[in-house]
A.B. asks: 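Provided herewith is a single structure, encoded as structure tokens, for subsequent inquiry.
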Amino acid sequence: MVDVNKHLSERSRRLRQSAFADFFAEAVEMERSGEDIIHLHVGEPDLPTPPHIVEAASKAMDEGYTHYTPPGGILELREAISEKLRRENKIDVDPRREVAVLSGGYNALFCAFQALVDPGDEVIVPEPCLPQYWGDISMAGGTPVPIRLIEDEDFRPDLDDLKRKITSRTKLILINSPQNPTGSILKLKDMKEIADLAETNNLLVLSDEVYEKFIYDGSEHISFASIEGMEDRTLTINSLSKTYAMTGWRVGYVAGESDLIDKIRMISEHAVWCPNSIAQKAAVAALKGPQDCVRRMVDEFKERRDLITLGLNQISGFKCNTPRGAFYAFPNIKRIGLSSTDLAQMILRKAKVAIIPGVAFGESGEGNLRFSFANSKENIMEAMERIKRVLDSSPA
Ligand SMILES: Cc1ncc(COP(=O)(O)O)c(C=O)c1O
């Protein structure tokens with residue numbers, strides 16, 4: 001018998017199964033045994049991909065568009081992305097040199113960290129955050145350095161903490177607005193202060209904007225690269241996953257300075273060669289086609305946001321900020337007196353509602369739970385009722 005563990009790389013040994021996967025596996029198992037589970041842990045729109053996008057993919061297949069494409073994506077798609085960035089994000093990029101298409105935002109993040117981070121480098125990451133950031137940074141040999149998000153101020157980043165954490169090893173500041181898991185959005189004033197810090201300390205900024213369309217209450221998304229002086233210092237990461245309910249299609253992209261984009265494209269060649277050809281054609285249709293499907297989805301999500309915030313604040317021991325963006329609510333549950341893992345487990349097992357414990361997004365997420373409101377209003381209301389019933393009958 002070969003003990004394969006002895007052959008594993010140090011890199012892969014350090015990898016841990018995410019708490020997401022644990023909760024997902026348990027919820028699926030319960031469902032398989034006949035339980036009626038409400039899924040509020042899912043990070044993707046529950047609506048179908050709009051039909052005109054699906055049709056473009058069908059057409060591509062019918063026409064035999066089923067082969068390799070150039071690494072970094074077809075020019076037609078890179079042009080559609082650069083037009084979109086100019087029109088909506090005030091970012092001016094050359095589609096030939098300053099945009100690359102990758103297999104989703106996750107692939108874009110992975111390749112970006114591979115291109116930028118050396119062993120010993122530090123990357124500043126507002127936390128709680130998407131756990132993939134830490135794994136990607138660590139796999140590149142770097143160290144993620146968390147900075148605090150201030151819950152009482154709508155989870156805005158603690159910029160004094162950020163200043164304190166900048167060292168001679170800092171390479172990059174990561175920002176994510178709208179943010180997963182807190183639903184916060186960065187204010188222009190804070191962005192400008194981060195821009196000043198990046199400039200003074202000669203740092204790059206990686207701006208993850210995959211939730212850009214999910215903004216409520218009349219605010220507007222501001223792309224970090226559109227801030228004066230930040231165009232060349234910012235690597236923008238975006239994806240079609242959330243905007244067009246296209247998570248399974250795996251189309252994401254990076255935009256930024258041409259030498260960096262070139263390296264990211266080369267790294268992606270080693271991982272996947274090119275993004276899926278059919279999905280690229282669908283992505284062109286998504287970006288160039290009618291956008292009312294996006295507006296309708298966001299209007300619907302705003303109603304769900306209002307419903308879940310109200311419902312969560314009616315549960316004794318829960319205190320929930322109103323999320324300004326994305327599709328997550330991140331209530332504080334410290335008054336209940338259980339860890340986020342124990343409470344999430346209890347809610348899954350007794351109320352049959354699947355959610356994610358805050359600690360899965362970093363230690364600073366302990367004391368909160370993440371609820372996704374990418375589910376129907378009926379299911380959200382039913383989930384709130386179930387949780388209330390369980391917590392009222394089993395006080396901690
Ligand atoms: C903050 C954030 N960035 C990036 C991604 C990656 O999304 P995708 O790979 O589907 O584009 C996600 C997915 O949940 C996310 O929450």
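Count residues from 1 along the sequence. Remember, it's a predicted structure, so these values are computed and weren't measured experimentally. Both ligands and their constituent atoms are indexed starting at 1 by order of listing.
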A.B. asks: Check side-chain contact (heavy atoms from CB on, under 4.5 Å) between T309 and all other residues, then give those that pass, not counting sequence neighbours.
C.D. replies: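 In terms of side-chain contact (heavy atoms from CB on, under 4.5 Å), with neighbours along the sequence ignored, T309 is linked to R305, N313, C320, T322, P323.
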A.B. asks: V210: heavy atom below 4.0 Å from ligand 1, yes or no?
C.D. replies: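 Yes.
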A.B. asks: Please state which protein non-hydrogen atom is closest to atom 9 (O) of ligand 1 and give its distance, to 0.1 Å?
C.D. replies: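 Of the protein heavy atoms, R250 NH2, 2.7 Å lies nearest.
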A.B. asks: Taking 4.0 angstrom as the limit and counting only heavy atoms of N180, give me the atoms of ligand 1 inside it, by number and element.
C.D. replies: 1 (C), 16 (O)
A.B. asks: On the 0 to 90° scale, with breaks at 30° and 60°, tag the F361-F330 ring pair as parallel, tilted or perpendicular.
C.D. replies: perpendicular
A.B. asks: In the protein, what heavy atom is nearest to atom 13 (C) of ligand 1, and what distance, to one decimal place, separates them?
C.D. replies: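 Checked against all protein heavy atoms, atom 13 (C) of ligand 1 sits closest to K242 NZ, 3.0 Å.
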A.B. asks: Please lay out, stage by stage, how E212 and N89 fare under the test side chain to side chain donor-acceptor pair (under 3.5 Å).
C.D. replies: CA-CA 10 Å; E212 65 168 342; N89 304 80; 3.0 Å; yes
A.B. asks: Not counting sequence neighbours, list each pair that qualifies as a side-chain hydrogen bond (donor to acceptor under 3.5 Å, both in side chains) and has a residue in residues 124-150.
C.D. replies: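 Every side-chain hydrogen bond (donor to acceptor under 3.5 Å, both in side chains) pair that includes a residue of residues 124-150, provided the two are not neighbours, is E127-S364, Y133-D208, R148-D158.
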A.B. asks: Among all the protein's non-hydrogen atoms, which is closest to atom 10 (O) of ligand 1, and how far away is it?
C.D. replies: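 Result for atom 10 (O) of ligand 1: S241 OG, 2.7 Å.
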A.B. asks: Any nitrogen or oxygen of Y328 lying under 3.5 Å from a nitrogen or oxygen in ligand 1? Just yes or no.
C.D. replies: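 No, there is no polar N/O contact under 3.5 Å.
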A.B. asks: Should you measure from each heavy atom of S239, which atoms of ligand 1 turn up under 4.0 Å away?
C.D. replies: 8 (P), 11 (O)
A.B. asks: Return a yes/no value for G105: is any of its N or O atoms, backbone included, closer than 3.5 angstrom to an N or O of ligand 1?
C.D. replies: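 Between G105 and ligand 1 (N or O atoms, distance only) the closest approach is under 3.5 Å.
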A.B. asks: Between the side chain of E44 and the main-chain N/O of A245, is any donor-acceptor distance below 3.5 Å?
C.D. replies: no
A.B. asks: Is it the case that ligand 1 has an N or O less than 3.5 angstrom from some N or O of Y133?
C.D. replies: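 By distance alone, the answer is no.
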A.B. asks: Using a strict cut-off of 4.0 Å, indicate which atoms of ligand 1 neighbour a heavy atom of G104.
C.D. replies: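 In order of number, 9 (O), 11 (O).
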A.B. asks: Please determine if N176 has a nitrogen or oxygen closer than 3.5 Å to a nitrogen or oxygen of ligand 1.
C.D. replies: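 So ligand 1 has no N or O lying under 3.5 Å from an N or O of N176.
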A.B. asks: Look only at the side chain of D121 and the backbone of D118, and say whether a donor-acceptor pair between them is shorter than 3.5 Å.
C.D. replies: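 Pair found, side chain donor or acceptor close to backbone of D118.
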A.B. asks: Nearest to atom 3 (N) of ligand 1, what protein heavy atom do you find, and at what distance?
C.D. replies: D208 OD2, 2.6 Å
A.B. asks: Starting at OG1 of T200, measure out to CG of L203 and round the result to the nearest 0.5 Å.
C.D. replies: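 The OG1 atom of T200 sits 9.0 Å away from the CG atom of L203.
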A.B. asks: Should the pair R295-E300 be classified as a salt bridge under the 4.0 Å nitrogen-to-oxygen rule?
C.D. replies: no
